[in-house]
Amino acid sequence: MSNVQTAPQTASTHAADAAGPTPAAESRTRTLTAAQSDYLYPWVRPYYGEPLALSRGEGVWLTDVDGDEYLDLFAGILTTSVGHCNPAVVEAARAQMERLGHTSALYVTEGQIEAARSLADIAPGALRTSCFTNSGTEAVESAVATARLYTGRHEIVALRLSYSGRSTLTSHMTAQGAWRLPGGGVDGIVHARSPYLYRSPVGAGPEATDFFIDDLVEVIETTTGGKPAAFFAETIQGVAGVIVPPPDYFRRAAEVIRSYGGLFIIDEVQAGFGRTGERWFGIEHWGVEPDIMVMAKGIANGFPVGATVTRPEIAEAWQGPSISTYGGNSISMAAMHATLGVMKRENVRARAAERGAQLRAGLEALKRAHGWIGEVRGMGLMQGIEMVEDRDGRAPDGARAGALLEAAREERLLIGRGGLNGHVIRIGPSLLISEDEMEEGIRRLAAACRRIDG
Ligand SMILES: Cc1ncc(COP(=O)(O)O)c(C=O)c1O
């Protein structure tokens, strides 16, 4: 293993000073929080009753404006895939900035071609043609536009509980009320049931897959004109609370949409780039090849890159004109190239499987200790803890999940939250997290759980 991920201190040194925010941190944070609400839209809303203002990072460690240090198991929403300020990524971006910063997509750049080539190398099957934008939202928009142009059709079947972005279209592909832009829906988007086994009305056995697939067919038959352009799904629904579809779901869903003449689009914004362990992309675990794939977040370790990848004959349908001023820009492409290089050298697919198993064992132990953990689920380094009032009734317990987020912060541990009721804790650290760091993370999480027991 290279030293790119070496933490500034050992995990045990970090453990020693995990005693909660200092008074100085509170006052500086308060000043910044007040300024934030003076100058920024209210929707730019940070976590925590008293928001956290961060100023430095290295690997899985973050330091706030007053010098308190946190262990980060959420990675800026599963995005700093090879760790904060990974030296190889920082150096690649810095060197590119010194050589040539912005040109716009009006000119050919080697970096963009190389980035597309490296995606073609790792994308499943015949997927080899890419376009680059600046966010997951734009990558989803591009995927939908591609499917519509290729099929000459309009309607998109998405899944309930999904999260697809913040534009007008993608916020209405999103099927969680709170995340949709107000003011009505967008034409041509319908939603089938999320394959949410824990809350399936027919249980979690094999009949559940039949139930979800039947619903997909019914939605197409009853709420579209029978000619959908595409079925669109996240491999693992992240914002929904790490919902992992059953093993045969995607193969059968792809068969259904193709039988109606539509394409199968998979969103790997959260699950991609080794996070699920063993494979580059989550969908490979389901053994089905999508027609279009959407990527962002972990692709460039925090540099703004969205990618839409498809087969050449499908991409051919979009002749343009269309442009993204910053899409595929040299600096982001250099960062992406460096990120993928680190991922290959460090074998993140194997590491995510190993550290994921370690994390999962730790979370299962927490479930045994606390009756309010209804389910632990996920793959590799994308795991969730569903919190319930009790295991029999399974009523979602968003209040306790909120308390756990705050308690973890007191333990100087950063985790995430999701679920329709904010009742799922989400964990998705850098894929380079070490065994000791993971152990320390589990220890801090256990301490946070004890704080909110009772
Ligand atoms: C699955 C998925 N798709 C798309 C997006 C939108 O990405 P962005 O916030 O980069 O626009 C997100 C963001 O969380 C996501 O989780």
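For the salt bridge (Lys or Arg N to Asp or Glu O under 4.0 Å) condition, no pair includes a residue of residues 170-194, sequence neighbours left out. For residues 117-129, the set of pairs meeting the side chain to side chain donor-acceptor pair (under 3.5 Å) definition, not counting sequence neighbours, comprises Glu114-Arg117. Legend: side chain to side chain donor-acceptor pair (under 3.5 Å) pairs involving residues 205-218, not counting sequence neighbours, sorted by first then second residue: Asp210-Arg252.
Counting only heavy atoms from C-beta outward, the side chains of Met438 and Pro429 approach each other to under 4.5 Å. Side-chain contact check for Phe74 versus Tyr47: some heavy-atom pair is nearer than 4.5 Å.
Defined by atom type and a distance below 3.5 Å, a donor-acceptor pair is present between the side-chain atoms of Gln237 and Ser194. Looking at His102 and Asn329, their side chains never bring a donor and an acceptor atom within 3.5 Å of each other. Glu50 and Thr33 share no donor-acceptor pair across their side chains, judged by distance under 3.5 Å alone. No side-chain donor from either of Thr174 and Ser171 sits under 3.5 Å from a side-chain acceptor of the other. Between the side chains of Ser135 and Glu138, at least one donor-acceptor pair of N or O atoms lies under 3.5 Å. Thr235 and Glu268 form a side-chain donor-acceptor contact under 3.5 Å, judged by distance and modelled atom types alone.
For the pair Glu386 and Arg377, the salt-bridge criterion is met [side-chain N within less than 4.0 Å of a carboxylate O]. Residues Arg394 and Glu389 are not paired through a salt bridge, judged by the lack of any N-O separation under 4.0 Å between the basic side chain and the carboxylate. Taking 4.0 Å as the cut-off between side-chain N and carboxylate O, Asp248 and Arg251 count as a salt-bridged pair. Ion pairing of Glu437 with Arg355 is absent here, as no side-chain N (NZ or NE/NH1/NH2) approaches a carboxylate O to less than 4.0 Å.
Taking CD1 of Ile415 as the reference point, atom CD1 of Ile425 lies at 4.0 Å (rounded to 0.5 Å).
Ring centroid separation for the pair Phe273 and Phe281 comes in under the 6.0 Å cut-off.
The side-chain tip of Arg275 does not point at the ring of Trp280 from less than 6.0 angstrom away and within 45° of straight on.
When atom types are taken as modelled, the side chain of Glu234 and the backbone of Gly238 share a donor-acceptor pair closer than 3.5 angstrom. The main-chain N or O of Leu432 is found under 3.5 Å from a side-chain atom of Arg351 such that the two form a donor-acceptor pair. Between the side chain of Asp291 and the backbone N or O of Phe264 there is at least one donor-acceptor pair closer than 3.5 Å.
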Inset, instruction - Go through Glu364 and Arg368 one step at a time and tell me if the salt bridge (charged side-chain N to carboxylate O under 4.0 Å, His left out) criterion holds. - result: CA-CA 6 Å; Glu364 295 289 356; Arg368 287 192 293 278; 5.4 Å; no
Inset, instruction - Please report the C-alpha distance between Tyr260 and Glu221 in whole Å, then the side-chain angles of each, then the deciding distance to 0.1 Å, and finally whether the side-chain hydrogen bond (donor to acceptor under 3.5 Å, both in side chains) criterion is met. - result: CA-CA 10 Å; Tyr260 285 93; Glu221 290 281 336; 2.5 Å; yes
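The shortest heavy-atom contact between Thr146 and Ser142 is OG1-O, 2.6 Å.
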